[in-house]
Q: 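Submitted below is the structure of interest, expressed as structure tokens.
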Amino acid sequence: MAVQRWDARLYDDRHSFVARHGDDLLGELAPRPGERILDAGCGTGELTAALADAGADVVGVDASPEMIDRARVRFPHLDLRVADVRELDVEPGFDAVLSNAVLHWIPEASAAASSMAAALRPGGRLVAELGGAGNIAAVRAAAHTLRAETGLPGAEEAWYFPGIDEYSGVLDAAGLKVTGAWLFDRPTRLEGEDGLAAWLRMFGAPLTAGAADPDDFIGRLTQRLRPVLHHTGGWWADYVRLRVSAAKPLG
Ligand code: BEZ
């Protein structure tokens with residue numbers, strides 16, 4: 001996986017809902033004071049800071065130096081490191097690993113799962129949420145159609161959106177015992193009249209790749225998606241989430 005380049009400020013300014021939805025995950029994880037917790041794919045550090053506020057001894061890692069730079073500015077007191085979730089170079093023995101909205105960027109799911117499992121102590125737990133099967137189906141379908149119509153090759157499937165059985169198999173093979181798994185729709189409001197365009201500019205490179213004029217492509221795509229994704233006062237992303245919790249057996 002090539003390391004994605006991010007505009008970390010745009011991410012915070014327009015896509016703060018990513019971390020906001022992570023609050024639910026914190027509830028699932030139920031961090032306890034003094035626990036060592038790894039935030040795998042911490043972005044600009046919002047959830048890492050929430051874990052620290054809950055009293056955890058936390059390490060946040062992200063493959064993007066831009067995200068870590070911004071996280072360090074926002075939360076200079078936190079232990080934040082540039083690291084790839086597929087090959088975490090951290091001291092093992094974490095009580096828990098949390099991962100929010102990152103694992104769908106990593107098609108090498110087995111490598112990521114093994115690496116997170118290796119970071120856990122026996123008895124440690126993983127709570128993760130990622131895009132699940134059917135995620136952004138309308139956006140992807142419209143982009144594929146528009147690409148074909150404009151003579152562009154099919155978009156590379158850059159994301160990994162598994163279902164429950166598939167991802168449970170990945171975690172099982174990595175030596176983790178799945179204790180809960182949920183696949184659910186989470187239509188997500190995209191702020192502003194240009195909400196979908198802003199989302200596509202931030203995240204949609206795999207869909208717009210090769211377009212001679214990406215802004216024009218995005219304009220046409222949003223026009224097409226308006227009847228489907230613009231309703232009840234604004235733009236909505238057709239998100240589907242896969243949430244899992246798992247534990248590393250005691251041995
Ligand atoms: C997601 O959170 O589901 C997502 C974000 C960016 C690109 C694709 C999916």
Side-chain angles (χ1 to χ4, degrees), residues 1-106 111-113 115-121 124-131 188-192 195 198-199 201-203 205 241 243 245 248:
M1 179 182 70
V3 173
Q4 175 97 23
R5 316 242 30 119
W6 293 106
D7 181 337
R9 191 171 288 274
L10 177 65
Y11 183 83
D12 275 351
D13 288 349
R14 297 297 303 272
H15 303 96
S16 56
F17 59 82
V18 176
R20 219 168 37 242
H21 285 307
D23 289 348
D24 284 358
L25 272 195
L26 287 186
E28 181 67 28
L29 184 72
R32 291 184 285 272
E35 282 192 313
R36 285 188 67 221
I37 301 185
L38 177 67
D39 184 357
C42 65
T44 57
E46 196 78 33
L47 285 181
T48 327
L51 288 165
D53 289 348
D57 177 7
V58 68
V59 177
V61 300
D62 201 284
S64 159
E66 295 86 357
M67 290 291 191
I68 290 294
D69 281 350
R70 177 136 174 92
R72 284 180 178 146
V73 169
R74 296 183 68 199
F75 306 110
H77 58 293
L78 296 180
D79 183 347
L80 299 158
R81 310 176 190 175
V82 177
D84 187 325
V85 174
R86 294 168 306 177
E87 24 188 73
L88 289 164
D89 184 16
V90 289
E91 320 73 42
F94 282 89
D95 297 298
V97 173
L98 178 77
S99 181
N100 181 43
V102 164
L103 296 171
H104 51 248
W105 289 102
I106 307 178
S115 166
M116 292 188 295
L120 285 170
R121 66 164 169 81
R125 61 204 191 280
L126 166 73
V127 171
E129 191 172 290
L130 64 154
T188 297
R189 181 67 186 262
L190 302 174
E191 286 157 30
W199 186 94
R201 280 197 294 273
M202 180 86 211
F203 299 118
R241 302 288 91 178
R243 181 181 295 180
S245 50
K248 184 164 174 170

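Note that these values count all heavy atoms, side chains included, but never hydrogens, waters or copies made by symmetry. Along the sequence shown, residues carry numbers from 1.
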Q: How many angstroms lie between atom CD1 of I37 and atom CG of L29, to the nearest 0.5 angstrom?
A: 5.0 Å
Q: If I compare all heavy atoms of A118 with all of P92, which pair ends up nearest, and what's the gap?
A: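 It is O-CB, 3.6 Å.
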Q: For G45 and L78, which heavy atoms make the closest approach, and how far apart are they?
A: O-CD1, 4.4 Å
Q: Measuring only between side-chain heavy atoms, which start at C-beta, is C42 closer than 4.5 Å to I68?
A: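 SC-SC contact between C42 and I68 confirmed.
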Q: Kindly write out the residues that satisfy salt bridge (charged side-chain N to carboxylate O under 4.0 Å, His left out) with R32, not counting sequence neighbours, or none if the list is empty.
A: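 Result, salt bridge (charged side-chain N to carboxylate O under 4.0 Å, His left out) vs R32: E35.
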Q: Side chains of V58 and L98: closer than 4.5 Å at any heavy-atom pair?
A: no
Q: Tell me, please, which residues at least two apart from S115 pass side-chain hydrogen bond (donor to acceptor under 3.5 Å, both in side chains).
A: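 Checked S115 against side-chain hydrogen bond (donor to acceptor under 3.5 Å, both in side chains); zero matches.
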Q: Give a yes or no answer on whether the side chain of K248 reaches the backbone of A117 with a donor-acceptor pair at less than 3.5 Å.
A: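 Present.
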Q: Could you pull out all residues at least two apart from A40 that satisfy side chain to side chain contact (heavy atoms under 4.5 Å, CB included)?
A: V85, V97, S99, M116
Q: State whether the side chain of R86 and the backbone N or O of I106 hold a donor-acceptor pair below 3.5 Å, judged by distance alone.
A: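 Looks like no, no N/O pair under 3.5 Å.
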Q: Identify the two heavy atoms, one from T44 and one from F75, that lie closest to each other, and give their separation to 0.1 Å.
A: O-CE1, 3.4 Å
Q: Could you pull out all residues at least two apart from T48 that satisfy side-chain hydrogen bond (donor to acceptor under 3.5 Å, both in side chains)?
A: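 D39.
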Q: Can you name the nearest heavy-atom pair linking A119 to V90, along with the distance?
A: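 Minimum heavy-atom separation between A119 and V90: CB-CG2, 4.1 Å.
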Q: Mind listing the closest non-hydrogen atom pair of R36 and F94 along with its distance?
A: NH2-CZ, 3.3 Å
Q: Can you name the salt bridge (charged side-chain N to carboxylate O under 4.0 Å, His left out) partners of R81, sequence neighbours left out?
A: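 Residues passing salt bridge (charged side-chain N to carboxylate O under 4.0 Å, His left out) with R81: D79, E91.
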Q: Identify the heavy atoms of A50 and L26 that sit nearest to each other, and give their distance.
A: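 Heavy atoms only, the tightest pair is CB-CD1, 3.4 Å.
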Q: Got a sec, which residues hit salt bridge (charged side-chain N to carboxylate O under 4.0 Å, His left out) with D57, two or more places apart in sequence or on another chain?
A: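 In terms of salt bridge (charged side-chain N to carboxylate O under 4.0 Å, His left out), with neighbours along the sequence ignored, D57 is linked to no residue.
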Q: With E129, which of H104, R243, R241 fulfils side chain to side chain donor-acceptor pair (under 3.5 Å)?
A: R243
Q: Enter the distance from L47:CG to D23:CG here, rounded to the nearest 0.5 Å.
A: 6.5 Å
